[in-house]
Undergrad: 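One structure, as structure tokens, below. Some questions next.
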There are 2 protein chains.
Amino acid sequence: MAATTPAAAPAPERKRRNAYHHGNLRQALVDQAVRTIRADGVEALTLRDVGAHLRVSRTALYRHFADKQALLVAVATEGFRTFRKELADAWDGAGRGREGFLAQGRAYIRFATENPSHYRVMFGGYVAKGDCGAELAAESEAGFRVLVDALVELQHAGLVRRDPPLELAVFVWGAVHGAAMLAIGGQVVRPDGASAAAAAYTAERVWDAVKAPAR
Amino acid sequence: MAATTPAAAPAPERKRRNAYHHGNLRQALVDQAVRTIRADGVEALTLRDVGAHLRVSRTALYRHFADKQALLVAVATEGFRTFRKELADAWDGAGRGREGFLAQGRAYIRFATENPSHYRVMFGGYVAKGDCGAELAAESEAGFRVLVDALVELQHAGLVRRDPPLELAVFVWGAVHGAAMLAIGGQVVRPDGASAAAAAYTAERVWDAVKAPAR
DNA sequence: ACCTGAACACCGTTCAAGT
DNA sequence: ACCTGAACACCGTTCAAGT
């Protein structure tokens, strides 16, 4: 049987006396990092703090990760996994086609606004060094592929212009990514309310940018 | 007469013996920070290092800035100043209209790809806290206004759809910002060559997204 | 006013050592 | 194998002191 995570209490009160603590320390470390990042942002993430919350020495982490960067890579990887799932669900759930495309765009921005700190870890360049993270690369490419596949299908249906799908996908990804960053950044413009409406507007404008020209 | 900056040599060789060193330490600090950021990225920026390059104690900075964050705000502010100038020049230089809009989009992405680290300080959320930086806010809003004004003019000429200009501008800014981030991030997609061509493609797609619908 | 040098608290990481 | 505690190098920041 897989062990359920034992100690997820927000207030770390209980004292454990056992010597070897966790059944799955690696996952517990990632989960705790995600919690801290969600609550206080990446810059507040401290290895010492992660260890303290898990009642574990601050160096125990090095048994499972090469360094702090590797922990962040794991966080980003997990983010991309659920991210991709939400994109694919939106596309399928709205019945593909034009509506599916719009739903996917809205889902993208919704993910970012609901998990701003996590999203920043995924795209903020904290991870971009390219050193490690074959799994991260695979996971993020899988998310990108959801979009590419949708665009190809829309092209075959005659709904989207017949530019090279990769070029098209980079534009779409960039446009939605930029809208997401502005929505969660507070830079230049403040969200001030209906970010869902802004997301819908963005999705529609992007559709106009890529739809097949009238003939 | 205004003093010209005296010591901008890349290799800090010369030894100054004077007691009170710089005529304009504040500007020298910003310049040095920009140099370090451009060369090695934000994460390599260290107050100790800035001081060492300027042959100044590492705490001298606190006479001119409240903390490291304030120095980064100054860097971002200066970035926004030249950024806005390049956008306005592109718009005017291409004779406004549709061509001006496309030129402005290309200039935006060019600035980002030519000054990736500086661009990240401006938009990477290193500065977003909103504490200080009234000047920063004014400068970044001025850049945004270049775009809004252009869109309004294009609307009056019947070239751009008559959505609320602010909504329109947020979309355009986001789309180009996202393309710029992807171009300099190495995330999801690698630039692998003609980033100028990608910029031109992005600008054209954005134009299709905002142009007045055929009637 | 402007700058310095010593000191402080905090961080990521290493390493010899325990079970 | 997995975890610990002490130690190291480095960081931003503070502060009493110098000119």
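Chain letters run A, B, ... following the sequence lines, proteins first, then strands; residues in each count from 1. As the structure is a prediction and not an experimental result, all values here were calculated from the model.
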Undergrad: Is the phosphate of C:dC2, meaning OP1 or OP2, less than 4.0 Å from a side-chain N or O of B:His64?
TA: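 Result: no.
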Undergrad: The criterion is ring pair (Phe, Tyr, Trp, His ring centres under 6.0 Å); which residues satisfy it with A:Phe111, sequence neighbours excluded?
TA: A:Phe83
Undergrad: Would you kindly give the CG-to-P distance between A:Leu61 and D:dC3, to the nearest whole Å?
TA: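 Interatomic distance, CG of A:Leu61 to P of D:dC3: 11 Å.
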Undergrad: Which stems does DNA chain C form, counting runs of 3 or more consecutive Watson-Crick or G-U wobble pairs with both distances under 3.5 Å?
TA: C:4-8 with D:12-16, C:12-16 with D:4-8
Undergrad: Using side chain to side chain contact (heavy atoms under 4.5 Å, CB included) as the criterion, list what pairs up with A:Asp208, not counting sequence neighbours.
TA: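 Testing A:Asp208 for side chain to side chain contact (heavy atoms under 4.5 Å, CB included), a comparison that skips the adjacent residues, returns A:Arg205, A:Lys211, B:Arg161.
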Undergrad: Among residues at least two apart in sequence or on other chains, which ones pass side-chain hydrogen bond (donor to acceptor under 3.5 Å, both in side chains) with A:Arg110?
TA: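 So A:Arg110 forms no side-chain hydrogen bond (donor to acceptor under 3.5 Å, both in side chains) with any residue.
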Undergrad: Please report, rounded to the nearest Å, how far the C1' atom of D:dA16 is from the CZ atom of B:Arg63.
TA: 12 Å
Undergrad: Could you list the protein-to-nucleotides 5-8 of chain D atom pairs, N/O on both sides, closer than 3.5 Å?
TA:
residue : atom : partner : partner atom : Å
D:dG5   : O6   : A:Thr59 : OG1          : 3.1

Undergrad: Rounding to an integer number of Å, can you tell me how far A:Leu47 CG sits from C:dT13 C1'?
TA: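 Taking CG of A:Leu47 and C1' of C:dT13, I get 9 Å after rounding.
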Undergrad: Start with the C-alpha distance between A:Trp91 and A:Leu147, add both sets of side-chain angles, then the distance that settles side chain to side chain contact (heavy atoms under 4.5 Å, CB included), and finish with yes or no.
TA: CA-CA 9 Å; A:Trp91 165 249; A:Leu147 173 60; over 6 Å; no
Undergrad: Looking at residues at least two apart in the chain, or sitting in another chain, which of them share a side-chain hydrogen bond (donor to acceptor under 3.5 Å, both in side chains) with B:Glu114?
TA: none
Undergrad: Among all residues two or more places apart in sequence or in another chain, which pass the side-chain hydrogen bond (donor to acceptor under 3.5 Å, both in side chains) test with A:Arg38?
TA: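 Here the qualifying residues are A:Asn115.
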Undergrad: For the side chain of A:Thr46, starting at C-beta, report the closest nucleotide among D:dG12, C:dC11, C:dT4.
TA: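 Selected nucleotide: C:dC11.
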Undergrad: Rounded off to whole Å, could you give me the NZ-to-P distance for the B:Lys68 and D:dC10 pair?
TA: 15 Å
Undergrad: Given atom CZ of B:Arg55 and atom P of C:dT4, what is their separation to the nearest angstrom?
TA: 12 Å
Undergrad: Please give, in whole Å, the distance from C:dC2 P to B:Phe65 CZ?
TA: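 Computing the B:Phe65:CZ to C:dC2:P distance gives 13 Å.
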Undergrad: Report the distance from atom CG of B:Asn24 to atom C1' of C:dC2, rounded to the nearest whole Å.
TA: 13 Å
Undergrad: Which residues pass the side chain to side chain contact (heavy atoms under 4.5 Å, CB included) test with B:Thr77, sequence neighbours left out?
TA: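 Listed in chain order: B:Val73, B:Arg81, B:Glu135, B:Leu136, B:Glu139.
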Undergrad: Whole angstroms only, please: what is the CD-P distance between A:Glu43 and D:dG12?
TA: 15 Å
Undergrad: Under 4.0 Å between any heavy atoms, over every strand shown, what does A:Leu45 touch: base, sugar-phosphate, or nothing? Just pick one.
TA: sugar-phosphate
Undergrad: Using only atom types and a distance under 3.5 Å, with no angle test, would you say the side chain of A:Arg120 pairs donor to acceptor with the backbone of A:Ile184?
TA: yes
Undergrad: With a 4.0 Å cutoff (strictly under), does any side-chain N or O of B:Tyr62 reach OP1 or OP2 of D:dT13?
TA: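 Yes, B:Tyr62 has a side-chain N/O under 4.0 Å of OP1/OP2 on D:dT13.
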Undergrad: For A:Gln32, which residues count as a side-chain hydrogen bond (donor to acceptor under 3.5 Å, both in side chains) partner, sequence neighbours excluded?
TA: A:Arg35, A:Thr36
